[in-house]
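What follows is a single structure, written as structure tokens, with notes after it.
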Amino acid sequence: MIKVIDVDKLFDKYIEGYVYSNIGKVKPEEIENKIPELYLAFGDEKLDDLDGKTPNTYYKDFSGEELLSCLKEHLEKDVPVSDFLCEAITDNAQNETALLNALNQDNGEEFTLYLMNMLGDLASEKAQKRYIEFITWDYSEPIRELATELLSPMAESVKEQLLSQFDEVDGVKKACLTEILSNCKNDDRVFEILINEFNLHRDQVPTYANYLAKYGDERALPTLMQAIENEKITYADFEELRFAIEALGGTYDKARDFSKEKTYKKIKGEQSNQNKN
């Protein structure tokens with residue numbers, strides 16, 4: 001049976017021992033710089049609290065299911081989760097199945113985020129359907145955001161499903177699908193969505209202009225040029241639009257005066273101070 005133990009606290013004791021044995025030999029700031037090196041050494045240290053095993057080897061003999069059960073118990077008991085426990089799970093590609101099975105169950109937010117991150121570390125593409133559920137169903141914002149991040153590199157393989165569900169969702173859910181779709185290429189259906197969403201969200205120009213720039217279709221230039229000509233846009237929006245236009249191969253050289261705007265003054269002030277330094 002795996003112990004639910006605070007390995008980070010054991011590392012703190014290890015550091016204390018190192019400090020005590022090096023009093024007068026090592027300066028405090030030198031100890032701080034050596035933390036990464038000491039952590040590596042600690043990983044190979046045999047510890048009584050771990051039944052004489054090292055942090056690197058303690059978790060290695062357990063199955064993926066056992067390790068995940070231990071991780072979940074850590075969270076339930078509010079015991080910090082060790083990197084050594086997580087690495088024992090992700091270092092073995094065979095644990096992908098255990099992670100997928102756990103992800104398909106009803107779990108708390110924190111445990112679900114751990115599962116998703118570890119599947120991401122394994123570069124798994126087998127949880128796509130579940131990630132889409134996390135976005136289109138009523139899950140928490142952190143879970144929805146991570147699902148969006150994980151699905152973005154897989155945009156082409158989930159495109160058809162996202163397109164089929166696009167009109168069925170709204171608000172932040174639709175925004176997440178739009179972000180993922182912006183990673184696709186050469187699909188008129190996707191291009192139309194990105195243009196429509198840009199026009200519907202002129203209050204979020206940086207976000208939706210970036211999606212058009214990422215998609216990379218120069219047919220978006222007239223829409224972006226029309227938006228940047230708006231005399232009421234903010235300096236921040238102007239800069240994002242100009243970036244998107246240039247990313248698509250266009251240019252915008254018309255002089256604009258934002259000298260009375262607070263954001264412009266702040267940015268120019270910071271740039272001036274940096275130049276002085």
Taking salt bridge (Lys or Arg N to Asp or Glu O under 4.0 Å) as the test, write out the residues that go with [X], two or more places apart.
X      : answer
Glu109 : none
Asp253 : none
Lys9   : none

Can you confirm whether more than 12 heavy atoms, excluding those of [X], are under 6.0 Å from its [atom1] atom?
X      : atom1 : result
Asp48  : CG    : no
Glu30  : CD    : yes
Lys129 : NZ    : no
Lys3   : NZ    : yes
Glu218 : CD    : no
Gln105 : CD    : yes

[X] and [Y]: which non-hydrogen atoms are nearest, and at how many Å?
X      : Y      : answer
Phe243 : Ala213 : CE2-CB, 4.5 Å
Ile233 : Glu261 : O-OE1, 4.4 Å
Pro36  : Asn33  : CD-O, 3.6 Å
Leu181 : Phe166 : CD1-CD1, 4.1 Å

Transitive ILVMFWY side-chain link [X] to [Y], under 4.5 Å:
X      : Y      : value
Met154 : Ile135 : yes
Val172 : Leu200 : no
Leu71  : Val79  : no
Leu10  : Val4   : no

Would you check if there is a donor-acceptor pair between the side chains of [Y] and [X] at a distance under 3.5 Å?
X      : Y      : result
Gln128 : Ser157 : yes
Arg219 : Tyr215 : no
Asn56  : Thr54  : no
Gln204 : Thr207 : no
Lys60  : Asn92  : no

Exam field: side chain [X] to backbone [Y], donor-acceptor pair closer than 3.5 Å:
X      : Y      : result
Asn183 : Pro153 : no
Glu156 : Lys185 : yes
Asn210 : Pro206 : no
Thr57  : Lys53  : no

Quiz prompt | Cationic N near anionic O, under 4.0 Å, Glu229 to Lys254 | solution = yes
Quiz prompt | Basic-acidic side-chain contact under 4.0 Å: Glu37, Lys34 | solution = yes
Self-check item: Residues in ring-ring contact (aromatic ring centres under 6.0 Å, His included) contact with Phe134, at least two apart in sequence or another chain
Solution: Tyr139
Quiz item: Restricting to pairs with a member in residues 96-107, which pass salt bridge (Lys or Arg N to Asp or Glu O under 4.0 Å), not counting sequence neighbours?
Solution: Glu96-Lys126
Quiz item: Any side-chain heavy-atom pair from Lys173 and Glu168 closer than 4.5 angstrom?
Solution: no
Practice problem: Could you tell me if the ring centre of Phe84 sits under 6.0 Å from that of Tyr58? | Solution: no
Quiz item: Does Tyr39 have its ring centroid less than 6.0 Å away from the ring centroid of Phe11?
Solution: yes
Quiz item: Pick from Ile228, Asn196, Asn199: which one makes a side-chain contact (heavy atoms from CB on, under 4.5 Å) with Thr223?
Solution: Asn199
Exercise. Indicate the ring-plane relationship of Tyr235 and Tyr264, choosing parallel, tilted or perpendicular according to the 30° and 60° boundaries.
Key: perpendicular
Practice problem: Sequence neighbours left out, what pairs pass ring-ring contact (aromatic ring centres under 6.0 Å, His included) with at least one residue falling in residues 185-206? | Solution: His201-Tyr208
Exercise. Show your working on side-chain contact (heavy atoms from CB on, under 4.5 Å) between Cys86 and Val81 and close with a plain yes or no.
Key: CA-CA 8 Å; Cys86 293; Val81 177; 3.7 Å; yes
